[in-house]
Amino acid sequence: MINQFRLILAGILLLMMGVSGPEAADFRSALAVGHDGGKGWNLSVTAHDFAAGFPLGARVGLGYSTMDPGNAAEARRIFINDNQGGTIQKHGSVLQFTLDMLYPLTSASEIYLYFGPRYASFTGNYKFIGNNEDFDVTSRLWGIGTGVESDFSISSKFDLVLSAGTNYFFSSVLYGHDTSYSPSGENINPRRDYSYQDADNAVNQPKFELRLIAGISYHLGK
């Protein structure tokens, strides 16, 4: 699924370049860091004026962030077993693909409203040192996002970009070891009588996420 989404994003970018030609569109690349559900970074390519008379810009992006993956002891009980003990080490990460349309809120096109779909790959890793347990809980989620961003010119080629917004991700199946919990209740090898809600409460997969990032944008030219 991730590879398919990458192909979709690549196809959209090529389509933007081909609609009116790279000499007509204004392309910009950007690298940003900050908070996007967790601490991380974001790479993106934006195109403005890529179709005659079309008022919106388009952007494809790739982001990576890290966060607390949730309650390790509860995750072990719900996905693995009732063992106790061990020194806990845990790590959570999200790889996120984004597609946004950008609407200029000012005539100078320095402030934009953006909105579009998201696809996220979540992994929570839980280790119990001394107890010989090391497992991942994963999910693949679709979502939507919106926000506002502003460009501040640094030079003819570089802009400072500030962005604030939110992402919302829809419930999805949680996988761990040989067990999975589904929002529909179609669970596989559930432990005891645990439900999807129990698993979702234990694991900190993306849901409603705040986005506050800052970065540098480079004008690739027309």
Side-chain angles (χ1 to χ4, degrees), residues 1-6 9 31-44 61-99 117-145 147 165-213 215:
M1 179 65 75
I2 293 178
N3 288 334
Q4 292 174 345
F5 198 75
R6 287 174 179 169
L9 293 184
L31 171 63
V33 296
H35 181 89
D36 192 358
K39 296 178 181 178
W41 53 262
N42 181 274
L43 292 170
S44 64
L62 169 67
Y64 179 83
S65 57
T66 61
M67 76 288 294
D68 182 349
N71 190 314
E74 286 296 306
R76 174 165 61 178
R77 278 192 288 270
I78 293 169
F79 286 92
I80 305 295
N81 54 46
D82 291 327
N83 288 349
Q84 298 182 12
T87 301
I88 295 174
Q89 291 184 358
K90 57 182 181 177
H91 178 266
S93 64
V94 172
L95 183 65
Q96 183 179 163
F97 300 90
T98 62
L99 171 62
R118 277 80 178 111
Y119 181 78
S121 173
F122 165 80
T123 301
N125 177 255
Y126 311 87
K127 293 184 177 70
F128 294 83
I129 308 301
N131 205 246
N132 296 322
E133 289 177 340
D134 181 349
F135 65 96
D136 291 337
V137 175
T138 63
S139 63
R140 306 289 182 264
L141 309 101
W142 286 97
I144 54 175
T166 57
N167 294 328
Y168 177 77
F169 292 93
F170 303 101
S171 298
S172 184
V173 179
L174 282 162
Y175 300 91
H177 193 51
D178 61 349
T179 297
S180 67
Y181 294 92
S182 170
S184 67
E186 298 178 359
N187 305 325
I188 297 175
N189 294 327
R191 300 293 184 262
R192 295 187 181 180
D193 56 352
Y194 290 123
S195 66
Y196 174 80
Q197 193 61 54
D198 295 320
D200 187 47
N201 289 340
V203 175
N204 190 27
Q205 66 174 334
K207 295 176 185 175
F208 186 81
E209 308 294 344
L210 179 65
R211 188 173 194 260
L212 294 170
I213 63 173

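The basis for the numbers below is simple: all heavy atoms, side chains too, and nothing from hydrogens, waters or symmetry mates.
- In this structure, the side chains of Thr166 and Phe208 come closer than 4.5 Å at one or more pairs of heavy atoms.
- Applying salt bridge (Lys or Arg N to Asp or Glu O under 4.0 Å) to Asp82 and the options Arg192, Arg191, Arg77, Arg76 leaves one that passes, Arg192.
- Using a 4.5 Å cut-off on side-chain heavy atoms (C-beta onward), Val173 and Pro183 make contact.
- Between Val94 and Glu209 the shortest side-chain heavy-atom distance does not fall below 4.5 Å.
- Here the CG atom belonging to Asn125 is positioned 4.0 Å from the NZ atom belonging to Lys127, to the nearest 0.5 angstrom.
- If you look at Phe79 and Tyr194, their ring centroids are not closer than 6.0 Å.
- A search for salt bridge (charged side-chain N to carboxylate O under 4.0 Å, His left out) contacts involving Asp193 returns nothing, not counting sequence neighbours.
- Contact of the Leu174 side chain with the Thr179 side chain is not registered, since no non-hydrogen atoms from C-beta on lie closer than 4.5 Å.
- Looking only at side-chain heavy atoms (C-beta outward), Arg140 and Tyr119 come within less than 4.5 Å of each other.
- Asn187 places a side-chain N or O within 3.5 Å of a backbone atom of Ser182 that can act as its donor or acceptor partner.
- Using a distance-only test at 3.5 Å, with no hydrogens or angles considered, a donor-acceptor pair links the side chain of Tyr196 to the main chain of Ser172.
- Within the 4.5 Å cutoff, no side-chain heavy atoms of Asn83 are placed close to those of Phe128.
- Of the possible donor and acceptor atoms, none in the side chain of Asn201 sits under 3.5 Å from a partner among the backbone N and O of Asp198.
- When the shell of 6.0 Å around NZ of Lys207 is examined, it contains more than 12 heavy atoms from other residues, nucleotides or ligands.
- Using a distance-only test at 3.5 Å, with no hydrogens or angles considered, no donor-acceptor pair links the side chain of Lys90 to the main chain of Gly124.
- Taking the side-chain contact (heavy atoms from CB on, under 4.5 Å) definition, one finds that Leu43 meets it with Leu31, Trp41, sequence neighbours left out.
- In this structure, the side chains of Tyr126 and Val203 come closer than 4.5 Å at one or more pairs of heavy atoms.
- Looking at heavy atoms from C-beta onward, Phe97 lies in side-chain contact with Leu62 at the 4.5 angstrom threshold.
- Between Asn71 and Asn204, the side chains place no donor N or O within less than 3.5 Å of an acceptor N or O (distance only, hydrogens not considered).
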